[in-house]
Asks: 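Before I ask anything, let me first share the structure, which is written out below as structure tokens.
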Amino acid sequence: MKKQLLTFALAMAIANPAYAELFGLDWESTGEYNVDTEVTSLTAQVGKSILLNGLTLTADADFDIIGSSFSGTDYKASFDVSDNLEMYLSSGLDSTWTREDIVAGFKVTW
């Protein structure tokens, strides 16, 4: 239980919106506890999104906070076709700097 409380406290400290505004970066942190396997994970993403003529370019770095390791980087170019339809192209580099799969896709929200 102590480990879960520590994980939650750390996740809240990292996800504080004041840090994002201070550095002008997009920060995201996820803390999870798998009840079946009793595994705790705490990950963070730090990145930047830039809007260029309707095209959003995003780059972020992924970290495993509990394991104190760098997980790689992700890159995405997306275009909003309408209010609820996004087209995108994404890829990344893993922790050994090997290119990940290039994925073209769409996302529909409602």
Side-chain angles (χ1 to χ4, degrees):
M1 186 64 169
K2 289 180 188 177
K3 194 174 192 179
Q4 288 82 16
L5 291 175
L6 179 61
T7 300
F8 177 74
L10 187 56
M12 294 311 294
I14 291 171
N16 187 337
Y19 292 125
E21 291 176 16
L22 177 65
F23 297 113
L25 299 172
D26 304 324
W27 292 71
E28 179 181 311
S29 180
T30 305
E32 296 179 332
Y33 176 72
N34 186 319
V35 177
D36 291 328
T37 61
E38 298 183 0
V39 173
T40 301
S41 67
L42 181 58
T43 58
Q45 290 185 336
V46 180
K48 184 72 175 172
S49 294
I50 299 171
L51 182 62
L52 294 171
N53 296 327
L55 182 68
T56 303
L57 303 174
T58 304
D60 63 62
D62 304 325
F63 300 94
D64 175 4
I65 296 172
I66 292 176
S68 300
S69 64
F70 171 70
S71 303
T73 56
D74 298 317
Y75 306 97
K76 180 179 178 183
S78 61
F79 182 76
D80 289 333
V81 178
S82 66
D83 288 342
N84 60 348
L85 177 61
E86 173 188 291
M87 305 290 286
Y88 65 88
L89 186 64
S90 66
S91 187
L93 299 171
D94 65 16
S95 60
T96 62
W97 302 105
T98 303
R99 182 183 57 82
E100 297 173 352
D101 294 341
I102 297 173
V103 177
F106 65 93
K107 180 171 69 172
V108 178
T109 57
W110 60 90

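Along the sequence shown, residues are numbered consecutively beginning with 1.
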Asks: In Å and rounded to the nearest 0.5 Å, what is the OG1 to CG distance from Thr56 to Leu51?
Replies: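 So the OG1 of Thr56 and the CG of Leu51 are separated by 4.5 Å.
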Asks: With side chains defined as the heavy atoms from C-beta onward, is the minimum distance between Leu42 and Ser29 less than 4.5 Å?
Replies: yes
Asks: Treating Ser71 as the side-chain partner and Asp94 as the backbone partner, does any N or O pair qualify as donor plus acceptor under 3.5 Å?
Replies: no
Asks: Phe70, Tyr75: one ILVMFWY side-chain cluster at the under-4.5 Å cut-off?
Replies: yes
Asks: Supply the atom-to-atom distance Thr73 OG1 to Asp60 CG, rounded to the nearest 0.5 angstrom.
Replies: 8.0 Å
Asks: How about Glu100 and Leu93: do any of their side-chain heavy atoms sit closer than 4.5 Å?
Replies: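 Side-chain contact under 4.5 Å: no.
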Asks: With respect to Thr37, which candidate in Thr40, Asn34, Val35 satisfies the side chain to side chain contact (heavy atoms under 4.5 Å, CB included) definition?
Replies: Asn34
Asks: Looking at Thr58, is its backbone amide N or carbonyl O close enough to the side chain of Ser49 to form a donor-acceptor pair, meaning the two atoms are under 3.5 Å apart?
Replies: no
Asks: Side-chain contact, heavy-atom cut-off 4.5 Å: Thr43 with Asp62?
Replies: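 A side-chain contact is absent here, since even the closest heavy-atom pair is not under 4.5 Å.
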Asks: Please report the shortest heavy-atom distance between Lys76 and Tyr88, naming the atom on each side.
Replies: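 Closest pair (atom of Lys76, atom of Tyr88, distance): CE-CB, 3.6 Å.
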Asks: Taking the side chain as everything from C-beta on, heavy atoms only, tell me whether Glu38 gets closer than 4.5 Å to Tyr33.
Replies: yes
Asks: What closest approach, in Å, do Thr109 and Asn84 show between heavy atoms, and which atom pair accounts for it?
Replies: O-CB, 2.8 Å
Asks: Same cluster or not: Leu55 versus Phe106, using hydrophobic residues (I, L, V, M, F, W, Y) connected whenever any side-chain heavy atoms lie under 4.5 Å apart?
Replies: yes
Asks: Can you confirm whether Asp83 is buried at CG, in the sense that more than 12 heavy atoms of other residues, nucleotides or ligands lie under 6.0 Å from that atom?
Replies: no
Asks: Taking all non-hydrogen atoms of both residues into account, name the closest pair between Ile102 and Ser91 and its distance.
Replies: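 Taking Ile102 first and Ser91 second, the nearest heavy atoms are CG1-OG, 3.8 Å.
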Asks: Is it true that Ile50 and Phe79 fall in one hydrophobic cluster, defined by side-chain heavy atoms closer than 4.5 Å?
Replies: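 Yes.
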Asks: With the side chain counted from C-beta on, respond yes when Thr30 and Glu28 share a heavy-atom pair under 4.5 Å apart, and no when they do not.
Replies: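 Yes, at least one pair of side-chain atoms sits under 4.5 Å.
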Asks: Are Leu52 and Leu57 side-chain neighbours, meaning at least one heavy-atom pair lies under 4.5 Å?
Replies: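 Yes, at least one pair of side-chain atoms sits under 4.5 Å.
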